[in-house]
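One structure is given below, encoded as structure tokens.
Small disclaimer: the values here were computed from a predicted structure and weren't measured. Values reported hereafter were calculated over all heavy atoms of this structure, with side chains retained and with hydrogens, waters and symmetry mates removed.
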Amino acid sequence: MAVASGIIGLDLRSSLALELGVSTRDDVCRILEGAEWLAPDALKLAPLLVNHGNLIRRPAGAWVHAEGDEDTGLLIVVDGAVDLFCHGLGEQRVRVGLVGPGAAVGQSVRFGGGPRLVTAAAATPCEILAVSDTGLSRVAEQSPEIWRAVAKLLYGQLRYALRFGADMLTLPPTQRVAARLSDIAEVTAGLDALPLSQQALGELTGLTRKTINAVLRRLQADKVLFCDYRRIEIRDLDRLRDIARLST
């Protein structure tokens, strides 16, 4: 049965959709309509992506796809959050990002892409709309604007990767933490808090847990954020961005 495998068609009855945490097909469309990478064609593209995608439910910690997988396409977060990893020296797994509702990762072979560049795993129980290359081509038959959206998404991923590298090379600890948290906040805006432990944030910034703890304590004392167990709530995003831009 399809539900047992974690993949369901979007034409299932609403009772089954409710069990997965998404009440109706329209709810999924509304989330996609607010996705920045789909603008200015979100209203037109959202229902087409829903029609030609598969809704996947994953428990926390479960893999969605692995780096090197040949089956490419887009992964769009509908609910919850997804961790992103890549392989470093000696096959060490390196955490490189976290995305939330409305955000997407992936690429298409139509743009000369190869295998998956990152491993995606559920940071929390989550729902994901997976749109394969075949699905994207079917969407394009009705709305060629999808390729503009995919190109915009690819540019955003490249921009994030370059900023990530530049921040790691140039920013001191407090600014580096602020930069990473503010970047992540932009792609997890649908969440009440970031599902990040101090260890995970250390992996995202290349800093020790002791340093992360000290930085978070200062930011919490300044009422920029609030830290709980494996959870960071951003209280003042503008201030966090200002801190990230400081030169010292």
| request: Answer with yes or no whether the hydrophobic clustering places Val215 together with Leu171; edges join I, L, V, M, F, W, Y residues whose side-chain heavy atoms lie under 4.5 Å apart. | output: no
| remark: Between Thr205 and Arg176, the two heavy atoms sitting closest are O-NH1, 2.7 Å
| field | Residue pair Gln107, Leu154: steps toward the side chain to side chain contact (heavy atoms under 4.5 Å, CB included) verdict | value | CA-CA 7 Å; Gln107 74 271 11; Leu154 293 175; 3.8 Å; yes
| request: Report the C-alpha distance between Leu49 and Leu38 in whole Å, list the side-chain angles of each, state the deciding distance to 0.1 Å, and finish with yes or no for side chain to side chain contact (heavy atoms under 4.5 Å, CB included). | output: CA-CA 11 Å; Leu49 289 168; Leu38 284 174; 3.9 Å; yes
| Testing Lys152, Arg159, Gln157 for side chain to side chain contact (heavy atoms under 4.5 Å, CB included) with Tyr155, which one passes? | Arg159
| field | Between CZ on residue Arg58 and SG on residue Cys126, distance to nearest 0.5 Å | value | 8.0 Å
| field | Side chains of Leu136 and Leu74 in contact at under 4.5 Å (non-hydrogen atoms) | value | yes
| said: Pair Arg209, Asn213 - check side-chain hydrogen bond (donor to acceptor under 3.5 Å, both in side chains), show working. | reply: CA-CA 6 Å; Arg209 187 170 179 176; Asn213 182 269; over 6 Å; no
| Do Leu216 and Leu201 come within less than 4.5 Å of each other through their side chains, counting heavy atoms only? | yes
| same_hphob_cluster(Leu237, Leu98) at 4.5 Å side-chain heavy-atom cutoff | yes
| Hey, does Gln175 have a side-chain heavy atom less than 4.5 Å from the side chain of Ile243? | yes
| said: Please determine whether side-chain hydrogen bond (donor to acceptor under 3.5 Å, both in side chains) holds for the pair Ser143 and Glu145, giving the CA-CA distance in whole Å, both sets of side-chain angles, and the decisive distance to 0.1 Å. | reply: CA-CA 5 Å; Ser143 180; Glu145 291 88 349; 2.6 Å; yes
| message | Looking at every heavy atom in both Gly80 and Thr124, which two are closest together, and how far apart are they? | response | CA-OG1, 3.4 Å
| query | Are Tyr160 and Met168 in one and the same hydrophobic cluster, where Ile, Leu, Val, Met, Phe, Trp and Tyr link if side-chain heavy atoms are under 4.5 Å apart? | reply | yes
| Least distance between heavy atoms, Ala46 atom then Glu33 atom | CB-CG, 3.8 Å
| task | Tell me, with the steps shown, if Arg239 and Asp242 meet salt bridge (Lys or Arg N to Asp or Glu O under 4.0 Å). | result | CA-CA 5 Å; Arg239 174 62 178 149; Asp242 287 342; 5.1 Å; no
| request: Verify side-chain hydrogen bond (donor to acceptor under 3.5 Å, both in side chains) between Gln142 and His52, making sure each step is shown before the conclusion. | output: CA-CA 11 Å; Gln142 298 172 266; His52 295 290; 3.2 Å; yes
| query | Can you check salt bridge (Lys or Arg N to Asp or Glu O under 4.0 Å) on Asp83 and Arg95, steps first, answer last? | reply | CA-CA 7 Å; Asp83 277 319; Arg95 189 185 302 266; 3.1 Å; yes
| Taking atom CD1 of Ile56 and atom CD1 of Ile128, what is their separation to the nearest 0.5 Å? | 6.0 Å
| What heavy-atom pair brings Asp167 and Ala179 nearest, and what distance separates the two atoms? | OD2-CB, 3.5 Å
| query | Taking everything shown except Gln199 itself, do over 12 heavy atoms lie less than 6.0 Å from its CD? | reply | no
| query | Linking I/L/V/M/F/W/Y whenever any side-chain heavy atoms sit under 4.5 Å apart, do Ile76 and Leu191 land together? | reply | no
| task | Would you check if Arg241 and Glu186 make a side-chain contact, meaning some heavy-atom pair closer than 4.5 Å? | result | yes
| Short side-chain to backbone donor-acceptor contact, Arg116 and Gly106, under 3.5 Å | no
| note | CG (Leu207) and CD (Gln198) are apart, to the nearest 0.5 Å, by 12.0 Å
| field | Heavy-atom closest pair, residues Pro40 and Arg148 | value | CG-NH2, 4.2 Å
| said: side chain to side chain contact (heavy atoms under 4.5 Å, CB included) for Val224 and Leu181? Distances and angles first, verdict last. | reply: CA-CA 11 Å; Val224 176; Leu181 288 177; over 6 Å; no
| query | Roughly how far, to the nearest 0.5 Å, is the CD atom of Glu36 from the CG atom of Leu153? | reply | 10.0 Å
| query | Taking all atoms of both residues into account, what is the closest heavy-atom pair of Thr72 and Asp69, and its distance? | reply | CG2-O, 4.3 Å
| Leu225 side chain reached by Leu194 side chain, heavy atoms, under 4.5 Å | no
| said: Test side chain to side chain contact (heavy atoms under 4.5 Å, CB included) on Leu162 and Leu158; report intermediate values, then the result. | reply: CA-CA 6 Å; Leu162 291 172; Leu158 176 59; 4.1 Å; yes
| When you look at Arg93 and Thr119, which way does the side-chain hydrogen bond (donor to acceptor under 3.5 Å, both in side chains) test go after all the steps? | CA-CA 9 Å; Arg93 192 174 72 166; Thr119 291; over 6 Å; no
| task | May I ask you to test the Arg25-Pro47 pair for a side-chain heavy-atom distance under 4.5 Å? | result | yes
| message | Are the side chains of His65 and Val118 in contact, using a 4.5 Å heavy-atom criterion? | response | yes
| More than 12 heavy atoms from other groups under 6.0 Å of CZ on Arg231 | yes
| query | Roughly how far apart are Asp79 CG and Leu129 CG, rounded to 0.5 Å? | reply | 13.0 Å
| Going only through I, L, V, M, F, W and Y residues with side-chain contacts under 4.5 Å, is there a path from Phe85 to Leu196? | no
| Is the side chain of Lys223 donor-acceptor paired with the backbone N or O of Asp236 at a distance under 3.5 Å, no angle test? | no
| query | Can you tell me if CG on Asp228 sees more than 12 non-hydrogen neighbours from other groups inside 6.0 Å? | reply | yes
| said: Do Val105 and Val82 have side chains that approach each other closer than 4.5 Å (heavy atoms only, starting at C-beta)? | reply: no
| If you measure from CD1 on Ile212 to CD on Glu203, what distance do you get to the nearest 0.5 Å? | 10.5 Å
